[in-house]
Number of protein chains: 2
Amino acid sequence: MAMPDREILSLESFLPYRLNRLADAVSRSFSDIYRQRHGLTRPEWRTLATLGQYGTMTATEVGAHSSMHKTKVSRAVAALERRRWLKRRADGQDRRVEHLELTPAGQRVYEELVPLAKTFEADLLGKLDMRKREAVLKGLAALEEAVLTK
Amino acid sequence: MAMPDREILSLESFLPYRLNRLADAVSRSFSDIYRQRHGLTRPEWRTLATLGQYGTMTATEVGAHSSMHKTKVSRAVAALERRRWLKRRADGQDRRVEHLELTPAGQRVYEELVPLAKTFEADLLGKLDMRKREAVLKGLAALEEAVLTK
DNA sequence: TTTCAATGGTTACAGATGAAACCAGTTTGG
DNA sequence: CCAAACTGGTTTCATCTGTAACCATTGAAA
């Protein structure tokens with residue numbers, strides 16, 4: 001059985017490359033929204049979004065939940081705090097822990113961004129017919145299960 | 001018609017976030033392979049992979065093809081050149097242009113990595129049943145069409 | 001208790017990144 | 001011809017990133 005004398009890889013159809021390129025393009029165009037609007041970075045947006053969704057959380061929880069490295073979270077929290085969009089509350093039991101939550105000003109920013117995010121996503125999925133949309137959601141879920149939970 | 005008084009966004013089901021997290025995880029685990037094995041960075045791997053696939057190309061073409069910023073390509077090319085895995089040839093007509101190609105040593109590295117890449121992808125897709133795999137491929141293709149070509 | 005490992009969070013450092021300025025060299029339009 | 005606009009590619013600079021070291025606190029073990 002002969003080996004092919006020069007195996008090549010088609011980068012355009014290689015899964016890691018495709019995922020990256022897609023994530024990059026989508027992320028970039030969505031980030032224009034919160035960046036231009038409020039000068040938020042991506043880690044800041046994620047932190048804001050996580051706290052907006054869950055209310056109060058510790059930095060560690062925010063990181064776990066939004067898949068961010070703890071130094072990213074730390075810096076994002078500091079930045080949001082400087083703008084007074086977030087405040088920290090000490091924990092009664094454990095003085096290492098800080099409970100984070102959005103201030104009313106932070107809430108307002110969050111509430112302004114949520115509909116924009118939803119519209120962005122709807123526009124994107126709106127370009128696909130029903131079958132394709134289902135494939136996207138099913139495919140993502142399948143990959144998440146295979147890749148992330150283990 | 002009443003507005004909901006506080007709209008929230010579920011980050012875990014938000015498309016840009018999901019794509020990013022997935023791309024990040026997949027990319028990170030694949031990059032372990034070429035990083036540990038040959039100390040390549042991601043832009044270097046992509047450049048190598050593009051030249052391995054297409055033979056000779058200019059830096060601009062590599063960038064267009066692998067979706068990389070031109071400064072990334074420039075630096076990756078310089079790094080690969082330092083290791084003598086790539087060489088530049090001047091263009092006869094246009095002295096701004098450089099034609100890039102892998103040296104035999106670069107070819108060898110590429111040929112060692114290709115099967116690893118294929119195995120990596122096969123392992124990943126192998127965790128999915130046929131239906132899911134089809135959904136992944138169809139979903140990716142649909143998103144690519146909606147997002148990238150326009 | 002005292003000690004030692006673990007945990008929440010920040011910081012220092014070294015690399016990687018993109019925007020914009022840059023330097024050839026090339027084309028276009030007067 | 002010559003100037004201006006453009007193009008391929010590199011470099012500078014300011015910012016962002018992850019690793020690892022760090023500080024403070026807590027919990028468990030002895």
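Chain letters run A, B, ... following the sequence lines, proteins first and then strands; every chain starts at 1.
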Between the protein and nucleotides 1-6 of chain D, list every N/O to N/O distance that falls short of 3.5 Å.
none

Any residue of residues 40-61 of chain A with a heavy atom less than 4.0 Å from an atom of DNA chain D
Thr41(A), Pro43(A)
Under a 4.0 Å heavy-atom criterion, DNA chain C is touched by chain B from dA16(C) to dT26(C)
Residues two or more places apart in sequence or in another chain: which of them pass side chain to side chain contact (heavy atoms under 4.5 Å, CB included) with Ala141(A)?
Arg18(B)
Does any pair with a residue in residues 52-75 of chain A pass ring pair (Phe, Tyr, Trp, His ring centres under 6.0 Å), and if so which ones, sequence neighbours excluded?
Tyr54(A)-His65(A)
Can you pull the ring pair (Phe, Tyr, Trp, His ring centres under 6.0 Å) pairs that have at least one residue in residues 96-141 of chain B, sequence neighbours excluded?
Phe30(B)-Phe120(B)
Give a yes or no on whether a salt bridge exists between Glu144(A) and Arg21(B), defined as a side-chain N under 4.0 angstrom from a carboxylate O.
yes
Which residues in residues 20-36 of chain A have a heavy atom closer than 4.0 Å to any atom of DNA chain C?
Arg28(A)
List the residues meeting side-chain hydrogen bond (donor to acceptor under 3.5 Å, both in side chains) with Ser74(B), not counting sequence neighbours, and say none if there are none.
none
Non-neighbouring partners of Arg96(A) that pass side chain to side chain contact (heavy atoms under 4.5 Å, CB included), sequence neighbours left out
Asp94(A)
Output all residues satisfying side chain to side chain contact (heavy atoms under 4.5 Å, CB included) with Thr119(A), sequence neighbours left out; order by chain, then residue number.
Asp123(A)
Under the side chain to side chain contact (heavy atoms under 4.5 Å, CB included) test, residues paired with Asp129(B) that sit two or more places apart:
Arg131(B), Lys132(B)
Residues of residues 67-90 of chain B with a heavy atom under 4.0 Å from any atom of DNA chain C, listed by number, are His69(B), Thr71(B), Lys72(B), Arg75(B)
